[in-house]
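Data first, discussion second: the structure below is written as structure tokens.
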Amino acid sequence: MVKGFDAQAKSTSMSERVIPLVDQRLLALPAVLPVQPVLATGLLSDGLGRPLHDLRISVTDRCNFRCNYCMPKEVFNKDYAYMPHGDLLNFEEITRLAKVFVAHGVRKIRLTGGEPLLRKNLEILVAQLANIPTPDGSPLDLTLTTNGSLLARKAKALKEAGLNRVTVSLDGLDDTVFRAMNDVDFPVADVLDGIAAAKEAGLGRDTQGRLTGLKVNMVVKRTTNVDQILPMARHFRGSGITLRFIEYMDVGATNGWCMDEVLPSAELVQRIHAELPLVQLGHSAPGETAERWGFANAQGLHDPSLGEIGVISSVTQAFCRDCNRARLSTEGRLYLCLFASQGYDLRQLLRDPSQTDEVMAATIDAIWQGRSDQYSVLRSLRGPDTASGPGRRVEMSYIGG
Ligand code: SAM
Ligand code: SF4
Ligand code: SF4
């Protein structure tokens with residue numbers, strides 16, 4: 001059977017939508033070999049002058065949730081053919097590539113998926129990545145995005161292996177709303193236990209022991225969980241955990257996205273501000289996608305003990321200008337944008353014994369220099385891209401968020 005969507009090539013019962021026939025994962029761009037090996041200088045920039053700073057590595061295309069905005073049950077059902085294990089990059093291959101990326105300037109690596117904690121022995125990969133030296137001796141920021149379902153069990157081992165911090169996705173505190181959004185009837189309480197375990201294990205604590213890096217992501221859909229915004233803000237205010245609201249995005253081709261479902265971040269900030277006063281804060285790091293808002297005290301000044309929220313306005317305020325992220329898919333394709341339809345096949349190089357790390361470095365150099373992706377900017381100018389067939393975008397569960 002052909003992998004992925006071919007198995008679902010039919011009109012679905014969820015709507016009039018037709019799931020296209022072509023599986024994007026089959027369409028790889030060849031990684032063209034450079035004429036001459038190039039030394040990585042750490043100063044790489046793309047066609048729009050953007051550096052290479054972040055690498056997101058998807059370690060699995062599987063997930064135990066079926067969030068309707070990401071892996072709708074109607075498509076990712078029991079007939080869906082996930083990638084065979086042999087197609088996945090193994091930990092040594094991932095680490096070898098990560099080293100090359102770090103030599104090129106990457107300082108932040110985020111493990112994602114699918115659900116990354118479903119990948120067996122993930123802490124072994126974490127330990128390997130945590131040991132990668134950076135050319136200037138600055139620490140590598142190693143993090144992971146998870147739905148939290150397995151975090152209570154794994155937080156301690158991940159911290160001990162060298163994971164610095166973690167972002168947990170949670171779309172509401174009301175159990176009925178949350179169970180419906182994850183669509184597998186998973187309870188809120190277990191995710192909250194996972195977050196507590198991460199805190200307890202010291203994930204997200206800086207070298208002075210301050211809790212600065214533990215985050216919770218909430219995707220907001222207008223008709224689904226808008227009533228969860230304030231309860232979530234109240235719950236995490238003063239907890240040391242930063243809550244970030246993400247505008248529902250038109251990633252992939254299966255979630256039936258429409259603009260009416262997007263709650264613009266500006267409106268969301270107003271809703272919170274009306275009850276819990278906020279003040280805008282500056283960006284914490286170059287390429288940081290979240291706009292930061294601090295909870296204010298009675299004088300209208302940010303009170304650090306109350307913490308802050310972040311809003312990620314991927315739809316209403318494109319941030320492509322500063323986008324410094326590369327994405328490595330589960331089977332080793334390099335994607336230059338979350339909305340790309342094709343990735344460059346690096347696995348083919350990894351599995352060719354005649355190819356050295358220098359060749360790999362030069363290949364990545366050439367690919368990054370040729371990058372001009374800015375989908376969100378174009379979306380705001382021309383509207384969403386609704387291509388089907390070969391030009392269709394990859395799914396977020398395949399390249400990670
Ligand atoms: N399974 C993990 C999780 O949920 O955290 C990691 C992978 S998930 C694809 C990464 C992030 O993407 C999550 O925070 C999720 O909420 C977000 N996401 C998925 N689909 C999205 C969409 N259509 N719009 C906005 N964010 C989305
Ligand atoms: Fe799974 Fe994460 Fe996608 Fe939800 S958002 S279906 S938890 S990969
Ligand atoms: Fe980066 Fe693509 Fe998102 Fe723009 S649309 S911010 S280029 S991932």
Side-chain angles (χ1 to χ4, degrees), residues 46-48 50 52-54 56-73 75-76 110-119 143-151 166-172 178 181-184 186 191 194-195 215-221 224-225 243-258 261-263 265 287-290 312-315 317-327 329-330 335-341 371-380 384-385 393-401:
D46 74 5
L48 300 176
R50 299 169 294 188
L52 173 56
H53 185 271
D54 281 24
R56 301 202 157 194
I57 304 175
S58 172
V59 291
T60 178
D61 60 341
R62 289 162 198 261
C63 187
N64 53 347
F65 283 14
R66 286 291 175 275
C67 306
N68 50 23
Y69 51 74
C70 178
M71 293 179 81
K73 233 178 198 167
V75 176
F76 295 87
R110 179 178 295 277
L111 299 177
T112 176
E115 174 45 44
L117 299 186
L118 288 181
R119 181 84 186 246
T143 178
L144 175 146
T145 305
T146 173
N147 62 26
S149 57
L150 301 169
L151 197 54
V166 73
T167 299
V168 182
S169 303
L170 178 63
D171 296 330
F178 183 63
M181 281 189 89
N182 63 56
D183 216 4
V184 293
F186 197 86
V191 180
I195 295 170
K215 293 180 183 151
V216 168
N217 276 356
M218 170 175 171
V219 174
V220 181
K221 277 185 86 175
T224 315
N225 61 343
L243 174 61
R244 303 191 314 169
F245 298 93
I246 308 179
E247 286 179 350
Y248 171 43
M249 285 187 282
D250 50 333
V251 280
T254 58
N255 66 8
W257 183 89
C258 74
E261 281 280 10
V262 179
L263 179 78
S265 295
E288 174 54 68
T289 51
I312 304 180
S313 321
S314 346
V315 178
Q317 272 180 287
F319 39 74
C320 301
R321 203 186 45 192
D322 297 321
C323 181
N324 55 19
R325 293 178 183 170
R327 294 181 155 84
S329 77
T330 315
Y335 284 83
L336 303 178
C337 174
L338 189 51
F339 297 88
S341 53
R371 177 183 189 245
S372 60
D373 301 67
Q374 44 175 341
Y375 173 79
S376 291
V377 166
L378 300 178
R379 184 214 293 110
S380 29
D385 171 4
R393 300 186 295 262
V394 284
E395 296 301 314
M396 198 151 172
S397 54
Y398 166 66
I399 53 169

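A quick note: this is a predicted structure, and the numbers were derived from the prediction, not measured. Numbering of ligands and ligand atoms starts at 1, following listing order.
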Between R119 and V59 (side chain of the first, backbone of the second, donor and acceptor by atom type, cut-off under 3.5 Å), is there such a pair?
yes
Atom 7 (S) of ligand 3 sits nearest the protein heavy atom D373 O, 3.5 Å
min-distance protein heavy atom vs atom 8 (S) of ligand 3 -> L338 N, 3.3 Å
So, N225 side chain and D171 main chain: donor-acceptor pair closer than 3.5 Å or not? yes
Run V191 and F178 through side chain to side chain contact (heavy atoms under 4.5 Å, CB included) and show every step you take. CA-CA 10 Å; V191 180; F178 183 63; 3.8 Å; yes
Logged contact type for T112 with ligand 1, heavy-atom cut-off 4.0 Å, is side chain
Measuring from non-hydrogen atoms of S169 to any atom of ligand 2, is the shortest distance under 4.0 Å? no
- prompt: S265 versus E247: any side-chain heavy-atom pair under 4.5 Å?
  reply: yes
- prompt: Hey, are the side chains of V262 and D250 touching, using non-hydrogen atoms and a 4.5 Å cut-off?
  reply: no
Atoms of ligand 3 under 4.0 Å from any heavy atom of Y375, numbered from 1 in the order shown, are 5 (S)
In ligand 3, the atoms that come under 4.0 Å of a heavy atom of S376 are 5 (S)
TODO: If the plane angle is over 60° it's perpendicular, under 30° parallel, otherwise tilted; pick one for F339 and Y375.
DONE: parallel
Counting from 1 in the order shown, the ligand 1 atoms closer than 4.0 Å to a non-hydrogen atom of N147 are 2 (C), 3 (C), 5 (O)
When every non-hydrogen atom of T145 is compared with those of P116, the smallest separation belongs to O-CG, 2.9 Å
| How about R110 and T167: does a side-chain donor come under 3.5 Å of a side-chain acceptor? | yes
Minimal heavy-atom distance between S149 and F186, with the atoms involved, is CB-CZ, 3.4 Å
Measure from atom 3 (Fe) of ligand 2 to each N, O or S atom of C63 and report whether any distance is below 2.8 Å. no
Do K221 side-chain atoms and Y69 backbone N/O form a donor-acceptor pair below 3.5 Å?
no
Minimal heavy-atom distance between R50 and C320, with the atoms involved, is NH1-O, 2.8 Å
Any heavy atom of D171 under 4.0 Å from ligand 1? The part involved is neither
Ligand 3 atoms nearer than 4.0 angstrom to some heavy atom of F339 are 5 (S)
Min over N68, T146, V219, L111 of heavy-atom distance to atom 26 (N) of ligand 1 lands on V219
Take E115 and F65 through the test side chain to side chain contact (heavy atoms under 4.5 Å, CB included) and record every step on the way to the result.
CA-CA 8 Å; E115 174 45 44; F65 283 14; over 6 Å; no
Among non-hydrogen protein atoms, atom 2 (Fe) of ligand 3 lies closest to C337 SG, 2.3 Å
Original post:
Does ligand 1 have any atom that is closer than 4.0 Å to a heavy atom of E247?
Top reply: yes
Minimum side-chain heavy-atom gap R371-L48 below 4.5 Å: no
Numbered in order shown, the ligand 2 atoms found under 4.0 Å of a heavy atom of G114 are 8 (S)
All heavy atoms of N147 vs all of C63, minimum pair found to be ND2-SG, 3.8 Å
Below 4.0 Å from ligand 3: does a non-hydrogen atom of R327 turn up there or not? yes
Considering distance alone, does some N or O of C63 sit under 3.5 Å from an N or O of ligand 1? no
- Query: Backbone or side chain, does any N or O of T167 fall under 3.5 Å from an N or O of ligand 1?
  - Reply: no
Atoms of ligand 1 under 4.0 Å from any heavy atom of I246, numbered from 1 in the order shown, are 25 (C), 26 (N)
Here the atoms of ligand 3 under 4.0 Å from any heavy atom belonging to F319 are 6 (S)
* Would you say the side chain of Y335 lies within less than 4.5 Å of the side chain of R56, judging by non-hydrogen atoms? -> no
Non-hydrogen side-chain atoms of N64 and V184 separated by less than 4.5 Å
no
Among W257, Y69, Y248, the residue with a heavy atom nearest to atom 21 (C) of ligand 1 is Y69
Quick look: C67 vs ligand 2, heavy-atom contacts under 4.0 Å, and the answer is both
Atom 4 (Fe) of ligand 3: closest protein heavy atom, distance to 0.1 Å, is C320 SG, 2.3 Å
Atom 3 (Fe) of ligand 2 has as its nearest protein heavy atom C70 SG, 2.4 Å
With a cut-off of 2.8 Å, does C323 place any N/O/S atom under that distance from atom 4 (Fe) of ligand 3? no
**OP:** Flag G114 as yes when one of its N or O atoms lies below 3.5 Å from any N or O atom of ligand 1, and as no otherwise.
**Re:** yes
- Query: Is any side-chain heavy atom of F245 closer than 4.5 Å to a side-chain heavy atom of I312?
  - Reply: no
Within 4.0 Å of some non-hydrogen atom of N217, the atoms of ligand 1 are 14 (O)
For V251, the ligand 1 atoms with a heavy-atom partner under 4.0 Å come out as 22 (C), 23 (N)
If we number the atoms of ligand 1 from 1 as shown, the ones under 4.0 Å from a heavy atom of E115 are 1 (N), 2 (C)
Short version for R56: what comes under 4.0 Å of ligand 3, heavy atoms counted, is neither
